[in-house]
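Order of appearance sets the numbers: ligands from 1, and atoms from 1 within every ligand. Below, each value reflects all heavy atoms present in this structure, side chains not excepted, and no hydrogens, waters or symmetry copies.
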Amino acid sequence: MEYTIKTERLGLRNWKGSDEEPFSEMCADPEVMKHFPKALTKKETISFIRRLQAHFDLYGYCYFAVDVLKTGEFIGFIGLANQTWESVFTPCVDIGWRLKRSAWGKGYATEGAKACLKAAKDKFGIDEILAFATDTNIGSQKVMQRIGMKVIGTVQHPHIQGDPRFKHCVVYKSIMQA
Ligand SMILES: CC(C)(COP(=O)(O)OP(=O)(O)OC[C@H]1O[C@@H](n2cnc3c(N)ncnc32)[C@H](O)[C@@H]1OP(=O)(O)O)[C@@H](O)C(=O)NCCC(=O)NCCS
C-alpha cells in the first residue's frame with residue numbers, strides 16, 4: 001500500500017473504492033456525527049470521498065484515509081484540507097479527523113495529526129494550520145491541544161449556521177516551528 005504519511009501505527013493515504021462501505025457505516029453512526037448537524041447517507045459519504053480524492057489529486061494532501069498498519073484496517077480520516085468558505089479565518093488550510101468508534105481512546109487521532117502538522121511544513125510548505133471544532137466537541141479540542149495548537153477565536157461555520165446546537169466553532173491555530 002502506498003502511504004503519503006506513515007507513523008508508528010498508522011498509514012495515511014488517498015481514498016480507494018474499498019473505503020466506501022466502512023466509511024459510509026461510520027458516517028451513518030449518530031455517535032460519530034454527534035457534533036455535526038446530521039449523520040450522512042451512503043450517497044453523501046461517497047460524494048464526500050470523491051471530493052477528497054479530487055483535493056488529493058490537486059494538492060497531494062486531503063483528509064487522508066487512515067489504516068492501522070499492523071492489521072490494514074481502515075479506521076477513518078485524519079488530514080489537511082483547503083478551506084474557502086467565507087470568514088475572517090479563511091481561506092486557510094485546516095486539520096481535521098473523524099475515526100470510527102472502535103478506534104477512539106487509543107491515541108490514533110493525536111498520532112496522525114502530529115504527523116500531518118509536520119508534513120504540512122516539511123512536505124507541503126504550509127506555514128500555518130487552523131482547526132475548527134464546535135465548542136461542545138471537547139474530544140476534538142483535546143486533540144488540538146495535545147498537538148500544540150492554541151485558541152485564536154470563535155466563528156460561525158456557514159455549514160452549521162442554522163443549527164443552534166453548533167452556534168460557535170472554536171478556532172485553533174498552529175504555527176510551524178522554523
Ligand atoms: C475526535 C476524535 C478523533 C478523538 O478521538 P480520541 O480517541 O479521543 O483521540 P485520540 O485518538 O488522540 O486518543 C486520545 C485518547 O486515547 C488515550 N490513549 C490510549 N492509548 C494511547 C496511546 N497509546 N497513545 C496516546 N493516547 C492513548 C488517551 O489517554 C486519550 O484519552 P482521554 O482523552 O480520555 O485522555 C473522535 O472522538 C472522533 O472521531 N469523533 C467523531 C468525529 C469528530 O467529532 N471529529 C472532529 C470534528 S471537529
*List the steps and the verdict of side-chain contact (heavy atoms from CB on, under 4.5 Å) for Leu12 and Cys116.*
CA-CA 9 Å; Leu12 280 59; Cys116 284; 3.5 Å; yes
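- Counting heavy atoms of neighbouring residues, nucleotides and ligands inside a 6.0 Å radius, atom NZ of Lys38 exceeds 12 of them.
- The backbone N or O of Thr134 sits less than 3.5 Å from a side-chain atom of Gln141, completing a donor-acceptor pair.
- Using bins of under 30°, 30° to 60° and over 60° for the plane-to-plane angle, the ring pair Phe23/Trp15 lands in the tilted bin.
- Looking from atom 41 (C) of ligand 1 to the surrounding protein, the closest heavy atom is Val32 O, 3.1 Å.
- Closest to atom 44 (O) of ligand 1 among all protein heavy atoms lies Asn137 ND2, 2.9 Å.
- Nearest protein neighbour of atom 9 (O) of ligand 1, counting heavy atoms only, is Arg146 NH2, 3.5 Å.
- One option in His35, Gln141, Lys142 has a heavy atom closer to atom 35 (O) of ligand 1 than any other, and that option is Lys142.
- Contact annotation for atom 29 (O) of ligand 1: protein absent (non-hydrogen atoms, distance under 4.0 Å).
- In terms of protein heavy atoms, atom 22 (C) of ligand 1 is closest to Lys106 O, 3.3 Å.
- Residue contacts with ligand 1: Arg9 is included, with a non-hydrogen atom under 4.0 Å away.
- Atom 7 (O) of ligand 1 has its closest protein heavy atom at Gly105 N, 2.5 Å.
- Residue Arg101 places every heavy atom at 4.0 Å or more from ligand 1.
- In terms of heavy-atom proximity, Ile78 sits nearest to Val66 at N-CG2, 3.5 Å.
- Minimum interatomic distance between Tyr63 and Gly96 (heavy atoms only, all atoms of both residues): CE2-N, 3.6 Å.
- Electrostatic pairing of Lys173 and Glu128 counts as a salt bridge here, judged by a charged N lying under 4.0 Å from a carboxylate O.
- Neither the backbone nor the side chain of Lys34 has any atom closer than 4.0 Å to an atom of ligand 1 (non-hydrogen atoms only).
- Checking atom 48 (S) of ligand 1 against the protein gives a heavy-atom contact under 4.0 Å.
- The protein reaches atom 14 (C) of ligand 1 closely, with a heavy atom under 4.0 angstrom from it.
- Ranking protein heavy atoms by distance to atom 11 (O) of ligand 1, first place goes to Ala109 N, 2.8 Å.
- Taking 4.5 Å as the limit, some side-chain heavy atom of Trp85 sits within range of a side-chain heavy atom of Val155.
- The option with the heavy atom closest to atom 45 (N) of ligand 1, from among Tyr108, Phe132, Phe36, Trp97, is Trp97.
- The single protein non-hydrogen atom nearest to atom 40 (N) of ligand 1 is Trp104 CZ2, 3.4 Å, given as residue, atom name and distance.
- Other residues, nucleotides and ligands contribute over 12 non-hydrogen atoms within 6.0 Å of the CD atom of Glu31.
- Annotation for Lys100 and Glu73: closest pair NZ-OE2, 2.8 Å, computed over non-hydrogen atoms.
- Annotation: atom 4 (C) of ligand 1 to nearest protein heavy atom, Val143 CG2, 4.0 Å.
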